**Q** 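One structure coming up, written as structure tokens, with questions to follow.
Computed from a prediction, not measured in an experiment: that's the story for all the values here. FYI, side chains are in, hydrogens and waters are out, and symmetry mates aren't considered; it's all heavy atoms of this structure. Proteins get letters first, then strands, A, B, ... in listed order; numbering begins at 1 in each.
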Number of protein chains: 2
Amino acid sequence: MTMRAATITTNTDQSVAVANQLRPVLLHLNRHLRREAQTQGISAGQISLLASIESHRGTGVKELADREGMAAPSVCTAVDRLQAAGYVTRERESTGDRRRVGLATTPQGSALLRRVRSRRTAWLAERLQALTDEERASIAAAVDALSALVTQR
Amino acid sequence: MTMRAATITTNTDQSVAVANQLRPVLLHLNRHLRREAQTQGISAGQISLLASIESHRGTGVKELADREGMAAPSVCTAVDRLQAAGYVTRERESTGDRRRVGLATTPQGSALLRRVRSRRTAWLAERLQALTDEERASIAAAVDALSALVTQR
DNA sequence: TTCATTAGTTAGCATATATAATCATCTCGA
DNA sequence: TCGAGATGATTATATATGCTAACTAATGAA
């Protein structure tokens, strides 16, 4: 196999090139996804917390903070607001470690989460619809790899 | 061509399925991209404004607000901070419409922007590197379609 | 049993972003 | 051409977000 220096493309080079194209796209798509939350009267950050509480029913404030990469006091006040809005419940542990509180979504919280997810999915699906079959197929073929991107380690 | 109802997959169904897989991945990737800005001592929002000013040298506050989907006063105070930090300049229009101000990045602002972009690209590229060749190829093949997703209309 | 650690919270601060109000300038129609 | 309404920027004010530091209560280990 012969390669001229000028046309060598290493995995690293390709990764950087793809990363450079991917970066603005990710940022742009996300701006819209964040906005879809706001049309439902909640911020993207609150939805992210709500989702994490839903998928880890009974989680504590510290645990949640670590999972979300936030400081515990920030989560504490955010949960205050979610609770005041009727989206989550806080229940002090009675058996076991009585310092902990258990967080859980209310039916209203779960419903809001479903609504936001559905709006976001709809927004994305609408845009996917407007692509050519080939374009859509290429994205469908890449979805698993993209998922691997975030679950690796 | 025969199709059993249970296995029919329309473009719409496929789009929704892909959208559903894509949604959490986009949100997750973005959380990290936002964080890379913060390691450089600036918020993701400020970087977004800075980028928009850089690519539209001389833009006004209202124009910028519309482009970013923000309210003009929000942009105004954000620009206050960017200016105080030495990243942008505000220059009142002397010829033409004297209500307008022209915004532009300083060399320090451009340097910061390059730094954040480079960190974000590096973070993404590092993760792409850890994929298999096939996975990486599938993402590379989808990048143009993903770009089309945000530039359509 | 006492003391360091841990979970949750409160206090105080900076940032972010919104709406309403204000000021200056511009534009257009009578 | 001039005055009324529109427009760009800003200020004032309020709320949400997120941080560190300090505090409280409960745990657990020497």
Side-chain angles (χ1 to χ4, degrees), chain A residues 30-31 34-35 37-53 56 58-104 112, chain B residues 30-31 34-53 56 58-85 87-104 112:
Chain A
N30 239 73
R31 188 143 54 224
R34 294 178 74 83
R35 219 159 271 165
Q38 280 157 1
T39 67
Q40 300 304 301
I42 193 165
S43 72
Q46 295 266 302
I47 281 295
S48 178
L49 285 177
L50 197 59
S52 189
I53 292 169
H56 296 84
T59 192
V61 169
K62 181 68 186 346
E63 230 177 72
L64 180 54
D66 288 347
R67 216 167 34 242
E68 292 289 300
M70 291 172 65
S74 307
V75 169
C76 191
T77 58
V79 168
D80 284 348
R81 279 188 293 273
L82 286 172
Q83 188 179 19
Y87 297 137
V88 312
T89 57
R90 246 195 192 103
E91 197 169 338
R92 201 101 217 173
E93 205 88 17
S94 48
T95 68
D97 191 337
R98 282 189 315 251
R99 290 169 305 179
R100 288 189 78 258
V101 298
L103 302 173
L112 175 64
Chain B
N30 239 71
R31 188 144 52 226
R34 293 178 74 83
R35 218 157 273 165
E36 288 301 322
Q38 281 157 1
T39 67
Q40 301 304 302
I42 193 165
S43 73
Q46 295 267 307
I47 280 294
S48 180
L49 285 177
L50 197 58
S52 189
I53 292 169
H56 296 84
T59 192
V61 169
K62 181 69 187 347
E63 230 177 73
L64 179 54
D66 288 346
R67 214 167 35 242
E68 292 289 301
M70 291 172 66
S74 307
V75 169
C76 192
T77 59
V79 168
D80 284 347
R81 279 188 292 272
L82 286 171
Q83 188 178 19
Y87 297 137
V88 312
T89 58
R90 243 194 193 103
E91 196 168 340
R92 200 101 215 172
E93 205 88 15
S94 47
T95 70
D97 191 338
R98 282 190 314 250
R99 288 170 305 180
R100 288 189 78 259
V101 298
L103 302 173
L112 175 64

**Q** Name the closest nucleotide to the B:Val61 side chain, picking from D:dA9, D:dT27, C:dA18.
**A**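 When the side chain of B:Val61 is considered, D:dA9 is the closest of D:dA9, D:dT27, C:dA18.
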
**Q** Nearest of D:dT11, D:dT20, D:dG18 to any side-chain atom of B:Asp80?
**A**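 From the listed options, D:dT11 comes nearest.
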
**Q** For residues 83-93 of chain A, pull every pair meeting salt bridge (charged side-chain N to carboxylate O under 4.0 Å, His left out), keeping only residues two or more places apart or in separate chains.
**A**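 Only A:Asp80-A:Arg90, A:Glu93-A:Arg100 qualify under salt bridge (charged side-chain N to carboxylate O under 4.0 Å, His left out).
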
**Q** Tell me the closest heavy-atom pair linking A:Ala78 and A:Leu49, and the distance in Å.
**A**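 In terms of heavy atoms, the two residues are closest at CB-CD1, 3.4 Å.
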
**Q** How many Å lie between CZ on A:Arg35 and C1' on C:dA18, as a whole number?
**A**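 These atoms are roughly 14 Å apart.
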
**Q** Report yes if at least one side-chain N or O of A:Arg98 is closer than 4.0 Å to OP1 or OP2 of D:dT27; otherwise report no.
**A**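 Yes, A:Arg98 has a side-chain N/O under 4.0 Å of OP1/OP2 on D:dT27.
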
**Q** Please state how far atom CD in B:Glu63 lies from atom P in D:dT10, giving the value in whole angstrom units.
**A**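 About 14 Å, once rounded to whole Å.
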
**Q** State, yes or no, whether a side-chain contact exists between A:Leu112 and A:Gln40 at a heavy-atom distance under 4.5 Å.
**A**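 Touching, per the 4.5 Å side-chain cut-off.
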
**Q** Within residues 39-47 of chain B, find the residues that approach DNA chain C with a heavy atom at under 4.0 Å, and present them sorted by residue number.
**A**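 Per residue number, the list reads B:Ser43, B:Gln46.
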
**Q** Kindly point out which of C:dT9, C:dA18, D:dC19 is positioned nearest to the side chain of B:Ser74?
**A**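 Output: C:dA18.
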
**Q** Round to the nearest Å and state the distance from A:Arg34 atom CZ to D:dT17 atom P.
**A**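 In whole Å, D:dT17 P lies 10 Å from A:Arg34 CZ.
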
**Q** Which residue in the set A:Arg81, A:Gln83, A:Gln46 passes side chain to side chain contact (heavy atoms under 4.5 Å, CB included) when paired with A:Val88?
**A**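 For A:Val88, the side chain to side chain contact (heavy atoms under 4.5 Å, CB included) check succeeds only for A:Gln83.
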
**Q** For B:Thr59 versus B:Leu64, what's the shortest heavy-atom pair and its separation?
**A**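 Minimum heavy-atom contact is OG1-N, 4.0 Å.
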
**Q** Calculate the interatomic distance between B:Leu49 atom CG and C:dT15 atom C1'; express it in whole Å.
**A**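 So the two atoms are 13 Å apart, to the nearest Å.
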
**Q** Could you give the CE-to-P distance, from A:Met70 to D:dA16, as a whole number of Å?
**A**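 Atom-to-atom, A:Met70 to D:dA16, this comes out as 15 Å.
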
**Q** Closest approach of A:Glu68 and A:Ser48, non-hydrogen atoms and distance?
**A**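 Shortest heavy-atom separation between A:Glu68 and A:Ser48 comes out as OE1-OG, 2.7 Å.
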
**Q** How many Å lie between CD on B:Glu91 and P on D:dA9, as a whole number?
**A**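 Taking atom P of D:dA9 as the reference, CD of B:Glu91 is at 14 Å.
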
**Q** Please pick, from C:dG8, D:dA9, D:dT10, the nucleotide with the shortest atom-to-atom distance to any side-chain atom of B:Lys62.
**A**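 The answer is D:dA9.
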
**Q** Nearest whole Å is fine: how far is D:dA26 P from A:Arg100 CZ?
**A**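 Roughly 15 Å, once rounded to whole Å.
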
**Q** Does B:Arg99 put a side-chain nitrogen or oxygen below 4.0 Å from OP1 or OP2 of D:dT10?
**A**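 No.
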
**Q** When all nucleic acid strands are considered with a 4.0 Å heavy-atom cut-off, which category describes B:Arg92: base, sugar-phosphate, or nothing?
**A**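 Contact class for B:Arg92: sugar-phosphate only.
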
**Q** Classify the nucleic acid contact of B:Gly102 as base, sugar-phosphate or nothing, counting any heavy atom under 4.0 Å across all strands shown.
**A**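 Nothing, no nucleic acid heavy atom in range.
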
**Q** Taking the side chain of A:Pro73 as heavy atoms from C-beta outward, which of D:dT20, C:dA16, D:dA9 is closest to it?
**A**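 Ranking D:dT20, C:dA16, D:dA9 by closest atom to the A:Pro73 side chain puts D:dT20 first.
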
**Q** Measure the distance from CG on A:Asp97 to P on D:dA26 and round it to the nearest whole Å.
**A**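 For the pair A:Asp97 CG and D:dA26 P, the rounded distance is 10 Å.
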
**Q** Please name the pair of heavy atoms, one in A:Ala37 and one in A:Ile47, separated by the smallest distance, quoted to 0.1 Å.
**A**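 Nearest pair, atom of A:Ala37 first, then A:Ile47: CB-CG1, 4.2 Å.
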
